[in-house]
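First comes the structure, then the notes that go with it.
None of the values given here were measured: they were computed from a predicted structure. Each chain gets a letter, A, B and so on, in the order its sequence line appears, and its residues count up from 1.
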Number of protein chains: 4
Amino acid sequence: MQTRKTGVRAQQADRTRDNILKAAVKVFSKEGFTGGRIEQISTLAKSNDRMIYYYFGSKEKLFISVLEHIYASFNQAEAKLRIDLGDPEQALRELVAFIWDYYVRHPEFVTILATENLHQGQHARKSQNLKALSGEAVGVLRPIIEAGQAKGLFRDDIDITHAYLMIASLCYFYNSNRHTLSSFLAVDLADKQAKADWLVFISDLALRGLRR
Amino acid sequence: MQTRKTGVRAQQADRTRDNILKAAVKVFSKEGFTGGRIEQISTLAKSNDRMIYYYFGSKEKLFISVLEHIYASFNQAEAKLRIDLGDPEQALRELVAFIWDYYVRHPEFVTILATENLHQGQHARKSQNLKALSGEAVGVLRPIIEAGQAKGLFRDDIDITHAYLMIASLCYFYNSNRHTLSSFLAVDLADKQAKADWLVFISDLALRGLRR
Amino acid sequence: MQTRKTGVRAQQADRTRDNILKAAVKVFSKEGFTGGRIEQISTLAKSNDRMIYYYFGSKEKLFISVLEHIYASFNQAEAKLRIDLGDPEQALRELVAFIWDYYVRHPEFVTILATENLHQGQHARKSQNLKALSGEAVGVLRPIIEAGQAKGLFRDDIDITHAYLMIASLCYFYNSNRHTLSSFLAVDLADKQAKADWLVFISDLALRGLRR
Amino acid sequence: MQTRKTGVRAQQADRTRDNILKAAVKVFSKEGFTGGRIEQISTLAKSNDRMIYYYFGSKEKLFISVLEHIYASFNQAEAKLRIDLGDPEQALRELVAFIWDYYVRHPEFVTILATENLHQGQHARKSQNLKALSGEAVGVLRPIIEAGQAKGLFRDDIDITHAYLMIASLCYFYNSNRHTLSSFLAVDLADKQAKADWLVFISDLALRGLRR
DNA sequence: AATGAATGAGGGTTCATTCAT
DNA sequence: TATGAATGAACCCTCATTCAT
């Protein structure tokens, strides 16, 4: 008796599946769901079209796996956060910074989210795993707010959903819409300093939003 | 007020062009640029494929026209705003409410913006008209801030771009990402009351962000 | 005002459609529905794949058109029959000879019927036209039988359906199953004399089946 | 009676091979040779694709095995027939009834024959076993005819091949073409009484065909 | 101004089959 | 004996686009 994935062949298989998934993240991220080509993915994965169907069944199911993957990755990163609730204001700053950094460093997370929303969440709806992955959306934020409230720093009537949406909005939009924004604002949003400034601004803003 | 061209034939032509443009807005809005089908557009416009090429030259040029159209429409709506600068705080609330309402009532504006950003602004970049339409992004916001500053209500070190991004972020994200958010938050974002509550929240937040 | 299909372009279009249909008859006849390749058909028709979809919509609809075509052709041939009811026995011989000859000269009629039956009549069921073409199956046979009965030559208790099935069976099977029969019988069914002998045999048999 | 091989492993192997063969009969019968999928067969056999190649070598060789199998089964059933030649007319009725019943109860025999004929007997031609199985086609019929002739009941100039084809035609066509016939005749050929009536009719007809 | 006819490239997907253990 | 992994060819079909009136 042995675990599912020992043996040279099985390990190679895992690697193949993984290569396809990672290639799919890249391609869907750049081209969207409709624009992403199966052949492009299989080539990038150094595999062939057939294997995508072997492992994932269809383009749609592959995309669903991609969705699950990027959410799981985000959750994993979040789980590594060690936030000291002793200083709730600093804790909030750290959470905002984490989310902001994650979006900046993982543009594929932003674009795939955007793609999925353009498709009206139709793939997310079909995923069982995704539902399991959620529910934790406000898991890190809640204790911070509660700690701040306990210390009398934050307001007592804060709607946790509003707080979450506030942070997400401020981190997401800058990244998701930077291309059209560049046409409309006379600022280079890709500039390092501009990004740093924005992080300071939204951290302050978030605090102002929660403080008494 | 008069039609662009005179003569029955010319009017019919204008109408055909218009039908196509409006159909394109709908289709691209729902299906994205890659997913939007020429045939679907021409059918919806009660015309035929060939006419799209006759009037717009290519799918890409049609999409650019769509971009120009939705921006022009937004500008038109904004131009009708009559905001009293006598009460800068109230003025800001009204601007936030206007943008929020516009996004809510024009989901195609949001989705087409998202689509264009997924394509990294490649169409917007090709439009001359679009560049002319821009530059006015902060045109309404600036006098409000200046009025507030003059009255000592708003801080003096406000970065106008930050202020603009703040408002846009808070109005856009809720609408653009509502499908995936629904999976992750235990709230129905489509609910009327939820929307009204959010508007109150972001109006307050915007003020907190600008006040001394 | 002009009829639908005048004009050089329109005539060419008709020809294209016709070429495809005739190529489809040949290919489906030889390869069956599943085995028949779209590309093979379009190549044989000196057209291209796309036109098949332009004119017929799908492989299945093309096959349905083929079914309608071969039935219509059979009906047309049958309609040209001029059978003298004055001699009912001779009339029956002529009908049997007609059906036999038609099957011999139109092997595609036999194979496409066989194909459709292997598919359990699923295409025929979808055709409205086909239902209209039927109903006339026993149209030629009935007056012959009635004439024979009027003259006291044929039995009065003949079931017209049985009579029809009898003739069809005897004409069809020899043609449809000649390949496997060749393996089992020590006779060359393709031989001209063998065919002539069989026609004599089944004509006699049909008469024996109807006579008093 | 004993299994072909001894030893647990060997028996299991026989069972696997048998499962595949029976699954293949079902699938090819329903889908034809081209339409029958290797995977469908292996799934139905609760085995896997690779085993089909292990035991049969290729899809084509599997189909040949299926052909041999259904012919052998028919021969086996025929071999069990105990026909009393003392009453040649009754003997003929019994033979017709046997063939008719076999076709009715073994639709897969009919459809696989039809499939093989659509493929112009190309598989049958490749089978050595099949040639051995044949030659016996008229083996049961011949003594009946000879007995009838000896008693002066049947004509002396009967062509045994014609007699055989007559019976086969009348039994086969009703079953093979029932789907298209249903569209053309206002009769439900699947009806039990309709089948019984047809058997009476063709038994009588066969006798009329052979009698003096 | 308007439109049926035509096209070539490529889309996702499935096929029978072989490899490697 | 048995089976997961892998493959290349080809399948049906759709795409944006141009031709020819």
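For the atom pair CE of C:Met51 and CG of C:Asn19, the computed distance is 11.0 Å after rounding to the nearest 0.5 Å.
Between A:Leu21 and A:Tyr55, every side-chain heavy-atom pair lies at or beyond the 4.5 Å cut-off. For the pair B:Phe63/B:Thr115, a side-chain contact is recorded, criterion being any heavy-atom separation below 4.5 Å from C-beta on.
The side chain of B:Arg37 places no N or O atom within less than 4.0 Å of a non-bridging phosphate oxygen (OP1 or OP2) of F:dT14. Of the side-chain N and O atoms in A:Thr16, one or more sit less than 4.0 angstrom from OP1 or OP2 of F:dA6. Considering only side-chain N and O atoms, B:Arg50 lies nowhere under 4.0 angstrom from the phosphate OP1 or OP2 of E:dG4. Proximity of D:Tyr53 to the phosphate of E:dT17: a side-chain N or O atom is located under 4.0 Å from OP1 or OP2. Put simply, C:Ser47 has no side-chain N or O that comes within less than 4.0 Å of OP1 or OP2 on E:dA6. OP1 or OP2 of E:dA2 has not a single side-chain nitrogen or oxygen of B:Tyr54 nearer than 4.0 Å.
Each end of the helix from E:dA2-F:dT21 to E:dT21-F:dA2 yields a helix axis from five base pairs, and these two axes differ in direction by 20° (to the nearest 10 degrees).
Residues D:Tyr55 and B:Gly36 both approach DNA chain F. Their nearest nucleotides, taken by heavy-atom distance, put D:Tyr55 toward the 5′ side. Place D:Phe33 and C:Gln12 on DNA chain E by their nearest nucleotides, and C:Gln12 ends up nearer the 5' end.
Counting any heavy atom pair closer than 4.0 Å across all strands shown, A:Phe56 reaches no nucleic acid atom. Among the protein residues, D:Gly57 comes within range of no part of the nucleic acid, since none of its heavy atoms lies under 4.0 Å from any strand. When heavy atoms are screened at a 4.0 angstrom cut-off, B:Gly35 is found touching no nucleic acid atom at all.
The residue from C:Glu116, C:Glu60, C:Glu68 that alone fulfils the salt bridge (charged side-chain N to carboxylate O under 4.0 Å, His left out) condition with C:Lys126 is C:Glu60.
Among the nucleotides F:dA5, F:dC11, F:dC12, the one closest to the side chain of C:Lys59 is F:dC12. Closest contact between the side chain of C:Asn48 and the listed nucleotides F:dG8, E:dT7, F:dT17 involves E:dT7.
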Exercise. For C:His69 and C:Ser65, what are the C-alpha separation, side-chain angles and deciding distance, and is it a side chain to side chain contact (heavy atoms under 4.5 Å, CB included)?
Worked result: CA-CA 6 Å; C:His69 178 73; C:Ser65 293; over 6 Å; no

